[in-house]
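First the structure, in the form of structure tokens, and then the observations on it.
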Amino acid sequence: MTTNAHDSAPRGKRSRNLKLVLMAVAAPAVLAGCDDDPSGKILISREECAVQTEISREECEKAYGQAVVEHEKVAPRFESQQECNQQFGACTPLQGQQTSSGQPYYIPPMTGFLLGYAASQLMSGGNRYYHVGGVSPLYRDYRSGGYLKPDGKQIGTNSGTVYGRKAGDTALPARAVTVSRAGFGSSAAARGGFGRSSSSSSSSRSFGRGG
């Protein structure tokens with residue numbers, strides 16, 4: 001009787017090999033499912049911290065304060081008040097900074113903020129809370145209805161939970177973007193006029209750390 005070499009292999013080894021094969025098959029499915037998971041939340045005011053249920057109110061209000069600080073640092077700078085108002089409305093002059101012609105820059109109002117969820121989660125009082133992993137100020141583009149980050153990337157058109165790692169990314173530009181023509185954001189970039197950004201790199205700032 002001929003014995004197959006595979007049949008003579010120890011059962012434990014065959015079992016381990018089978019587990020590895022199953023893990024390899026399952027891995028792509030797990031990775032693909034990441035983009036279906038909640039990755040953050042768009043809120044339009046500090047008051048919403050009291051009614052949302054995904055993050056503790058204390059941590060949400062702390063994140064709002066951090067977003068205000070980042071807004072003052074990296075809000076997009078417009079050379080034209082008219083263009084800023086057309087896109088965002090109620091733009092105000094930036095104190096202490098001027099264009100090459102001696103005119104003030106104008107910045108849009110912060111009309112929301114993005115909370116990026118950290119990987120870890122906290123169970124509290126029977127409710128599951130997400131930790132805040134990062135925060136970014138947001139600007140509502142009245143032409144498209146989208147919420148834009150300081151680097152011009154659109155996160156979504158509605159407030160509430162966002163899904164997928166890219167949507168919850170709170171990385172901020174290293175310096176404020178200067179907009180000289182054609183508007184700010186992805187739609188302006190498509191027209192070849194992103195605004196001649198003064199910064200092409202970005203850095204991720206963790207929530208709770210000084211920037």
Give a yes or no answer on whether the side chain of K153 reaches the backbone of K166 with a donor-acceptor pair at less than 3.5 Å. no

Scan residues 130-177 for pairs that pass disulfide bond (SG atoms under 2.5 Å apart), counting only residues two or more places apart or in two chains. none

Note: C84 and P108 closest approach over all heavy atoms is SG-N, 3.8 Å

Determine, stepwise, if the pair E70 / T170 fulfils side-chain contact (heavy atoms from CB on, under 4.5 Å). CA-CA 11 Å; E70 299 295 356; T170 55; over 6 Å; no

Tell me, do Q103 and E79 make a side-chain contact under 4.5 Å, heavy atoms counted? no

Go through it in stages, so that I can follow the logic: the residues are F88 and L148, the test is side-chain contact (heavy atoms from CB on, under 4.5 Å), and I'd like the CA-CA distance, side-chain angles, deciding distance and then a yes or no. CA-CA 10 Å; F88 297 104; L148 307 183; 4.0 Å; yes

Identify whether L43 and Y117 are in the same connected component of the hydrophobic contact network (ILVMFWY, side-chain heavy atoms under 4.5 Å). yes

Which residues pass the side-chain contact (heavy atoms from CB on, under 4.5 Å) test with S80, sequence neighbours left out? Q82, E83

Is there a chain of hydrophobic side chains (I, L, V, M, F, W, Y, each step under 4.5 Å between heavy atoms) that links I44 to I155? yes

R165 and D169, any side-chain heavy atoms less than 4.5 Å apart: no

Taking the side chain as everything from C-beta on, heavy atoms only, tell me whether S136 gets closer than 4.5 Å to L172. yes

Please test Y130 against K41 for side-chain contact (heavy atoms from CB on, under 4.5 Å), starting from the C-alpha separation and ending with a verdict. CA-CA 10 Å; Y130 290 99; K41 193 175 186 70; over 6 Å; no

Excluding sequence neighbours, so at least two apart, what forms side chain to side chain donor-acceptor pair (under 3.5 Å) with Y147? R140

Go through the structure and list residues passing side chain to side chain donor-acceptor pair (under 3.5 Å) with Q52, not counting sequence neighbours. none

Specify the closest pair of heavy atoms between V68 and M110, including all atoms of both residues, with the distance to one decimal. CG2-CE, 3.9 Å

Are side-chain heavy atoms of I42 and S159 found at a separation under 4.5 Å? yes

Sorted by chain and residue number, the side-chain contact (heavy atoms from CB on, under 4.5 Å) partners of N85 (sequence neighbours excluded) come out as Q81, C91

Output all residues satisfying side-chain contact (heavy atoms from CB on, under 4.5 Å) with E61, sequence neighbours left out; order by chain, then residue number. R46, C49, R57

Looking at residues at least two apart in the chain, or sitting in another chain, which of them share a ring-ring contact (aromatic ring centres under 6.0 Å, His included) with F113? Y64

Can you list everything that forms a side-chain contact (heavy atoms from CB on, under 4.5 Å) with A75? Sequence neighbours excluded, please. H71, R77, I107, Y139

